[in-house]
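One structure is given below, encoded as structure tokens.
Counting convention: from 1, in listed order, for ligands and their atoms alike. Because only heavy atoms are used, hydrogens play no part in the values below, and waters and symmetry mates are left out as well, while side chains stay in. For reference, positions follow the sequence shown, starting with 1.
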Amino acid sequence: MNKKNILIVGAGLSGVVIARKLAEKGHKIRIIDRRSHIAGNCYDARDEQSQVMVHTYGPHIFHTDNELVWDFINKFSTMMPYTNRVKATYGGRVFSLPINLHTINQFFNKTCSPSEAKELIEQKGDASIEDPQTFEEQALRFVGRELYEAFFKGYTIKQWGMSPSELPASILKRLPVRFNYDDNYFNHKFQGMPKDGYTSMIEKMADHPNIIIELNVEYSHAERDRFDHVFYSGPLDLFYDYQFGRLGYRTLDFEKFTTEGDFQGCAVMNYCEQNVPYTRITEHKYFSPWENHDQSVCYREFSRSCTENDIPYYPIRQVGEMALLDKYLDLANKEQGMTFIGRLGTYRYLDMDVTIAEAFATADKYLETIDEQKMMPVFTVKVR
Ligand code: FAD
Ligand code: UDP
């Protein structure tokens, strides 16, 4: 087979998974990353003093229904059992999330059975909203005003910097409402945490004789001609020098603090009231329940609008941003020998399992097309 020289921009999960798949087929891969470390936003590292594994760019829990993805990551890490159970503080009380029978009974001070709780919530829901379009309508329709105002309204205003009436219903649809005591934050079949962390897992994926990685290297267009193909996981708008303006993102600030012993007794505590400035506190040692640490490392998490010098985290994807995205996509779709990948290259929020599944699909598509000498499409997956 025709061996190719490939440049991958970004040593995050998207870039490294594609690199691995293509390296295994004999292609030569150079990965560059502007950061001083690999693993992108999945990067984690042990806190020097306490040795607690800290998720540097925010809490990451692996969950998926995709067996191929699960099998793949298990080749590069021992996945330890971990179930994400989130708590929420509101009105001076602590509640169970996502909304489940415990939350409903706590909140309404009742002892409902599953069917009674279902009936109660149906009564609370606003049945006049037939086809909820916004986050707020979705919440009012399915959980009613009291639970909406307690758990979703303030948190969402802090997280997104706008009213839930301006956000799509799809954001809330990510969270289940359950009429039993199941407080698992996710519905997926597989869930776990890599024993030695995500950085180690991604390092192992990249450990292949056909892959070289160079850190602290910024992508430049001058590089392009030296390679048969480029996979680019940097920001799409940066690639085009922001010529139409910047795609809007939310960024996060993490305020780190350490304590002796335990701070909150769980990995994630959400703060749903609008007048508490942070959205949640993460106590990192609870992501590794199989380890013992005397000290604790915590992050208070604050969300705000992303400016030029910040790390883009959550794409906003409102009408204005989508119009801008279309302009960049028009340019991107005309490129040859170039594939835009990952959360920044395609301007979407992607969970890790989706990122990996898309990386598989992209690598497969590339392998199919090079042999047929076809032009590589820019996106191998539907972007909107
Ligand atoms: P990234 O990880 O962003 O990697 C892109 C890389 O490209 C970066 O290393 C960057 O430095 C590099 N780069 C960018 N531009 C350039 C350039 N011009 N030149 C050189 N290098 C460049 N997913 C889950 O499944 N579970 C979770 O619990 C979860 N929690 C999350 C929490 C937060 C706060 C966030 C923001 C995301 C979370 N995710 C979670 C999603 C997860 O982070 C992504 O799926 C994953 O990081 C996507 O990988 P990527 O390679 O596409 O992007
Ligand atoms: N959300 C909320 N209250 C909570 C948790 C989540 O209002 O206690 C909203 C918030 O708008 C968030 C969305 O539900 O963006 C989806 O929640 P998820 O936990 O999936 O958020 P993410 O992982 O994106 O931070």
Side-chain angles (χ1 to χ4, degrees), residues 7-18 31-43 55-64 69 84 86-90 95 97-99 103 135 138-139 147-160 162 164 167 170-176 185-186 188 191 193 198 202 214-221 223 231-236 238-239 249-252 254 267-273 279-280 282 287 299 301 303 311-315 340-346 348-356 358-359:
L7 175 67
I8 296 188
V9 181
L13 209 42
S14 298
V16 171
V17 172
I18 292 176
I31 307 180
I32 56 168
D33 202 299
R34 52 155 66 148
R35 291 181 183 171
S36 59
H37 60 74
I38 68 157
N41 277 7
C42 302
Y43 177 75
H55 295 193
T56 309
Y57 298 94
H60 278 70
I61 299 108
F62 203 97
H63 52 97
T64 190
V69 167
N84 201 32
V86 176
K87 304 285 177 247
T89 296
Y90 173 77
F95 296 92
L97 279 188
I99 292 180
T103 328
F135 184 115
Q138 176 78 9
L147 289 170
Y148 163 62
E149 290 193 343
F151 296 113
F152 299 122
K153 193 174 175 187
Y155 188 101
T156 297
I157 290 171
K158 290 190 288 185
Q159 173 81 1
W160 293 99
M162 62 183 96
L167 288 163
S170 56
I171 296 183
L172 183 60
K173 285 182 191 160
R174 300 215 286 257
L175 298 183
Y185 203 70
F186 302 115
H188 285 145
Q191 188 172 168
M193 235 1 126
Y198 292 100
I202 295 171
E214 288 170 42
L215 298 173
N216 302 303
V217 178
E218 179 77 33
Y219 168 75
S220 123
H221 292 304
E223 300 268 8
F231 293 90
Y232 175 89
S233 71
L236 178 62
L238 164 66
F239 188 86
Y249 280 93
R250 299 290 288 172
T251 191
L252 300 174
F254 298 107
V268 183
M269 175 71 76
N270 288 357
Y271 286 83
C272 299
E273 279 148 325
T279 50
R280 56 184 176 179
T282 299
F287 290 127
Y299 271 9
E301 186 171 323
S303 171
I311 301 174
Y313 277 98
Y314 293 101
F340 293 88
I341 57 168
R343 57 178 210 96
L344 297 168
T346 64
R348 285 172 304 156
Y349 177 84
L350 301 174
D351 270 328
M352 290 181 279
D353 62 327
V354 178
T355 302
I356 296 173
E358 288 200 356

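- Under 4.0 angstrom from ligand 1, the non-hydrogen atoms of L238 all belong to its side chain.
- At a 3.5 angstrom cut-off on N or O pairs, F186 does not count as close to ligand 1.
- No heavy atom of Y43 sits closer than 4.0 Å to any atom of ligand 1.
- When only interatomic distances are considered, the shortest N/O to N/O separation between V9 and ligand 1 does not fall below 3.5 Å.
- Residue-to-ligand polar distances place L13 within reach of ligand 1: an N/O pair is separated by less than 3.5 Å.
- Of all the heavy atoms of T355, the ones lying under 4.0 Å from any atom of ligand 1 belong exclusively to the side chain.
- For the pair F231/F340, no side-chain contact is recorded, criterion being any heavy-atom separation below 4.5 Å from C-beta on.
- Polar contact check, D353 against ligand 1: no nitrogen or oxygen pair lies under 3.5 Å apart.
- Some N or O of Y219 is nearer than 3.5 Å to an N or O of ligand 1, by distance alone.
- Annotation: M352 places an N or O atom under 3.5 Å from an N or O atom of ligand 1; distance criterion only.
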Tell me, with the steps shown, if Y198 and F62 meet ring pair (Phe, Tyr, Trp, His ring centres under 6.0 Å). CA-CA 10 Å; Y198 292 100; F62 203 97; 7.1 Å; no
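- In this structure, OH in Y155 is found 9.0 Å from CG in L97, a value given to the nearest 0.5 Å.
- Under a cutoff of 6.0 Å and an axis angle of 45°, R280 and Y299 do not form a cation-pi pair.
- Residues that satisfy the ring-ring contact (aromatic ring centres under 6.0 Å, His included) test with H188, not counting sequence neighbours, are H63.
- Ligand 2 is surrounded by L97, F135, F151, F152, Y155, T156, Q159, W160, I171, R174, L175, Y185, N270, C272, Y314, each with at least one heavy atom closer than 4.0 Å.
- Close to ligand 1: P235, with a non-hydrogen atom less than 4.0 angstrom away.
- At a heavy-atom cutoff of 4.0 Å, ligand 1 is contacted by the side chain of L252 but not by its backbone.
- Ring geometry for Y57 against H37 counts as tilted: the plane angle lies between 30° and 60°, on a 0 to 90° scale.
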Between T103 and F151, does the side-chain contact (heavy atoms from CB on, under 4.5 Å) criterion hold? Intermediate values first, please. CA-CA 10 Å; T103 328; F151 296 113; 3.9 Å; yes
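- Counting only heavy atoms of the protein, atom 4 (O) of ligand 1 lies nearest to G12 CA, 3.7 Å.
- Residue-ligand proximity, V217 to ligand 1, at heavy-atom distances under 4.0 Å covers atoms 19 (N), 20 (C).
- For ligand 1, none of its N or O atoms has an N or O atom of Y313 under 3.5 Å away.
- Of all the heavy atoms of F62, none lies under 4.0 Å from any atom of ligand 1, so neither backbone nor side chain is involved.
- The residue from T282, T89, V86 that alone fulfils the side chain to side chain contact (heavy atoms under 4.5 Å, CB included) condition with M269 is T89.
- Residue-to-ligand polar distances place R34 within reach of ligand 1: an N/O pair is separated by less than 3.5 Å.
- Ranking the protein heavy atoms by distance from atom 38 (C) of ligand 1 puts H60 NE2, 3.3 Å first.
- Looking at A11 next to ligand 1, no N or O pair under 3.5 Å apart turns up.
- Look at Y57 and you'll find a heavy atom under 4.0 Å from some atom of ligand 1.
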Salt bridge (charged side-chain N to carboxylate O under 4.0 Å, His left out), that's the test. Do R348 and E358 meet it? Break it down for me. CA-CA 12 Å; R348 285 172 304 156; E358 288 200 356; 2.8 Å; yes
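- Here SG of C42 is found 4.5 Å from CD1 of I202. Values are rounded to the nearest 0.5 Å.
- Of all protein heavy atoms, the one lying nearest to atom 10 (C) of ligand 1 is D33 OD1, 3.5 Å.
- Just one residue in the list V9, V17, T346, I18 forms a side chain to side chain contact (heavy atoms under 4.5 Å, CB included) with I341, and that residue is I18.
- Shortest contact from atom 7 (O) of ligand 1 to any protein heavy atom: G10 CA, 3.2 Å.
- By the side chain to side chain donor-acceptor pair (under 3.5 Å) test, Y219 pairs with H221, sequence neighbours left out.
- For R343, the salt bridge (charged side-chain N to carboxylate O under 4.0 Å, His left out) test picks out no residue, with sequence neighbours left out.
- A side-chain donor-acceptor contact under 3.5 Å links D33 to the backbone of A11.
- Short contacts between ligand 1 and G234, defined as distances under 4.0 Å to a heavy atom of the residue, involve ligand atoms 14 (C), 15 (N).
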side-chain contact (heavy atoms from CB on, under 4.5 Å) evaluation trace for L175 with F152: CA-CA 11 Å; L175 298 183; F152 299 122; 3.8 Å; yes
How far apart are the C-alpha atoms of Y314 and Y249, what are their side-chain angles, what is the distance that settles it, and do they pass the ring pair (Phe, Tyr, Trp, His ring centres under 6.0 Å) test? CA-CA 5 Å; Y314 293 101; Y249 280 93; 9.4 Å; no
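- Within the 4.5 Å cutoff, the side chain of R250 has heavy atoms near those of the W160 side chain.
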